[in-house]
Novice: 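Structure provided below as structure tokens; questions to follow.
In this chain, numbering begins with 1 at the start of the sequence shown.
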Amino acid sequence: MKHYQTDKIRPENYIKNVQISRVLDDTYVLTYAKGRNKKKIPITKDTTAEIENQLQLQVQEGLKSIDMLHSEQTSAMRLVSKGLLINATGSFLATFAMLNEADLKVVLGMFGITLSSSIPILLGMMKTEPSKNIELLTYKKIQTELPLANEFFMTFPNAYQYLNGETEEKKRFRDKYLKSIIEEGRKPISFLELETKKGATKEEIDNLFIGAMLNNCPVPRGTKEVKQLIR
């Protein structure tokens, strides 16, 4: 997960990566935005819920900053536009001056304007970070789908059909594996397991969500976003 600058979460508390270490007695290993690692966090229902809640909070805070990111990109594009206008004007005047055998200082001055205009262009391009926006929008979609996907996976016998696998047998094997994660105190359909790359994939979450709607799976309580999306 990328680090989104937020006022609510300090970098030293912002989880960028989660791994499961079998070497360290089956524990979570967290990497924070400031670089420190926190090792030997036992895998239990409580610690799993705590880390999942933190990741969910990070997504929520990141989504709040998306407007700010869009604002920065808009400002950057305006900066680029102004720079290009100055660049074009400077090039035209410099060419015009050369064609009319103007004084060398005038020509150099015009080229100076053209050169200096490239600086705001570069700054403007550097300020745009579309990859962060794309990840945030992806996480927003996942966050909306998670409750219903979880409900469907845990309660409907045919949910395994929406998991990855080329054959019926492989889909059932995948279902058995994901449910074995629960026995360890982990939640297979979650942001946490997306980070560890051990649980359900983004594709599987999408498919389970679609399966839930196709099979009229009841929407869990307290999930207004899901109800709005279905409508």
Novice: Hey, does Lys170 have a side-chain heavy atom less than 4.5 Å from the side chain of Tyr160?
Specialist: no
Novice: Work out which heavy atom in Pro188 is nearest to a heavy atom in Ile182; give both atom names and the distance.
Specialist: CD-CG1, 3.5 Å
Novice: Shortest non-hydrogen contact from Glu195 to Leu55?
Specialist: CG-CD1, 4.1 Å
Novice: Does some side-chain heavy atom of Glu203 sit less than 4.5 Å from a side-chain heavy atom of Asn207?
Specialist: yes
Novice: Which heavy atom in Phe156 sits nearest to a heavy atom in Pro218, and how many Å separate them?
Specialist: CE1-CD, 4.2 Å
Novice: Are Asp206 and Lys202 within salt-bridge range, i.e. N to O under 4.0 Å?
Specialist: no
Novice: Heavy atoms, side chains only, cut-off 4.5 Å: are Asp26 and Ser21 in contact?
Specialist: no
Novice: I need the minimum non-hydrogen distance between Leu178 and Ala200, along with the two atoms involved.
Specialist: CD2-N, 3.8 Å
Novice: Is Leu148 close to Leu208 at the side-chain level, that is, under 4.5 Å between some pair of heavy atoms?
Specialist: no
Novice: Any side-chain heavy atom of Leu57 sitting closer than 4.5 Å to one from Gln54?
Specialist: yes
Novice: Could you tell me whether the side chains of Gln58 and Tyr139 share a donor-acceptor contact shorter than 3.5 Å?
Specialist: no
Novice: If you measure from the Lys or Arg side-chain nitrogens to the Asp or Glu carboxylate oxygens, is any gap between Lys64 and Glu61 under 4.0 Å?
Specialist: yes
Novice: So, Glu193 and Thr196: side-chain donor and acceptor under 3.5 Å apart, yes or no?
Specialist: yes
Novice: NZ of Lys179: more than 12 outside heavy atoms within 6.0 angstrom?
Specialist: yes
Novice: Under 6.0 Å from the CD atom of Glu169, do we count more than 12 heavy atoms belonging to anything else shown?
Specialist: no
Novice: At their closest point, which heavy atom of Tyr28 faces which heavy atom of Ile51, and how far apart are they?
Specialist: CD1-CD1, 3.6 Å
